[in-house]
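Data first, discussion second: the structure below is written as structure tokens.
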Amino acid sequence: MSPDPRFIYLTDQHSEALAKCEYTIQQRMGLSVIHGDVGAGKTTLARRLWEKYAHDPQFNFAMLVDPNYPTSFQFINEVRRELNINHPRRSFGDALNEFQQYLIEQHKMGKTTILVVDEAQTLRPRNYELLRKLLNFETNTEKLLQIVLFGQNELLPRLDRVQALKDRVALFGALSGLTR
């Protein structure tokens with residue numbers, strides 16, 4: 001079975017989770033987290049967001065479907081590649097600085113940059129910390145990067161261990177499997 005968003009069945013939970021994601025993106029609130037059981041529809045919702053935003057010129061959209069990168073440098077480079085920032089950098093600091101400048105430029109042009117991370121429970125601890133740093137890129141009123149984490153229920157205890165990131169979550173959404 002493939003997570004084809006054309007066939008999504010939007011239960012009240014799914015509609016609410018999708019609305020929460022869209023709200024945090026549109027309001028530039030930063031981070032939203034959707035968690036649930038295996039097969040609850042998280043990936044399908046992630047792809048629904050991709051359908052809505054990836055081809056809209058007002059948005060820059062990056063989606064990581066296997067985010068288990070061993071280093072933060074590899075993680076940020078993959079995000080940059082997804083956003084077509086193809087200037088190779090020799091150091092993590094240079095890559096991060098260039099990414100921040102990219103976000104500032106995009107914001108000045110009125111564009112919203114979105115990063116969707118599917119299977120977020122597989123992130124390495126250092127990359128949760130990187131996400132926290134990326135959320136520090138902001139204006140006085142809004143975040144420059146909108147992040148949506150989709151993950152299995154194991155994501156919640158992982159976020160508990162990174163309290164500084166958990167404190168930045170604007171909205172949580174939970175999905176459970178469909179009943180018969």
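Just so you know, these numbers use all the heavy atoms, side chains as well, and skip hydrogens, waters and symmetry mates.
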Tell me, with the steps shown, if Gln163 and Asp167 meet side-chain hydrogen bond (donor to acceptor under 3.5 Å, both in side chains). CA-CA 6 Å; Gln163 194 63 42; Asp167 289 345; 2.8 Å; yes

N/O donor-acceptor pair under 3.5 Å between Glu98 side chain and Arg89 backbone: no

Any side-chain donor-acceptor pair under 3.5 Å between Asn77 and Arg80? yes

Looking at Leu135, is its backbone amide N or carbonyl O close enough to the side chain of Lys143 to form a donor-acceptor pair, meaning the two atoms are under 3.5 Å apart? yes

SB check Glu105 Lys108 (cutoff 4.0 Å): no

Return yes if a side-chain donor-acceptor contact under 3.5 Å exists between Gln152 and His35, otherwise no. no

Side chain to side chain contact (heavy atoms under 4.5 Å, CB included) involving Ser91 - partner list, sequence neighbours excluded: Asp94

Can you confirm whether Leu45 sits close enough to Leu175 that some side-chain heavy atom of one is under 4.5 Å from a side-chain heavy atom of the other? yes

Please work out which of the three classes, parallel, tilted or perpendicular, describes the rings of Phe92 and Phe73, given edges at 30° and 60°. perpendicular

Apply the test side-chain hydrogen bond (donor to acceptor under 3.5 Å, both in side chains) to residues Glu129 and Ser72: give CA-CA distance (whole Å), side-chain angles for both, the deciding distance (0.1 Å), then the verdict. CA-CA 9 Å; Glu129 175 61 22; Ser72 296; over 6 Å; no

Run the side chain to side chain donor-acceptor pair (under 3.5 Å) test against Gln74 and tell me which residues pass, sequence neighbours left out. Thr71

Please list, chain by chain and in numerical order, all residues satisfying ring-ring contact (aromatic ring centres under 6.0 Å, His included) with Phe137, sequence neighbours excluded. none

Could you list all the salt bridge (Lys or Arg N to Asp or Glu O under 4.0 Å) pairs where at least one residue sits in residues 23-40, not counting sequence neighbours? Arg28-Glu142

For a side-chain hydrogen bond (donor to acceptor under 3.5 Å, both in side chains) check, start with the C-alpha distance between Asn68 and Thr122, then their side-chain angles and the critical distance, and finish with the verdict. CA-CA 6 Å; Asn68 190 14; Thr122 67; 5.4 Å; no

Non-neighbouring partners of His55 that pass ring-ring contact (aromatic ring centres under 6.0 Å, His included), sequence neighbours left out: Trp50

Tell me whether the count of non-hydrogen atoms from other residues, nucleotides or ligands lying under 6.0 Å of CG in Asp12 goes above 12. no

Lys42 bridged to Glu119 by N-O distance under 4.0 Å: no

Main-chain N/O of Ala164 paired with Arg168 side-chain donor or acceptor, under 3.5 Å: yes

Return yes if a side-chain donor-acceptor contact under 3.5 Å exists between Thr113 and Gln146, otherwise no. no

State which residues pass side chain to side chain donor-acceptor pair (under 3.5 Å) with Glu82; sequence neighbours excluded, sorted by chain then number. none

Determine whether a donor-acceptor pair (N or O, by modelled atom type, separation under 3.5 Å) exists between the side chain of Arg158 and the backbone of Pro125. no

Linking I/L/V/M/F/W/Y whenever their side-chain heavy atoms sit closer than 4.5 Å, directly or via other members, would Phe75 and Tyr128 fall into one cluster? yes

Decide, yes or no, whether a salt bridge links Glu78 with Arg81 under the criterion of side-chain N to carboxylate O below 4.0 Å. yes

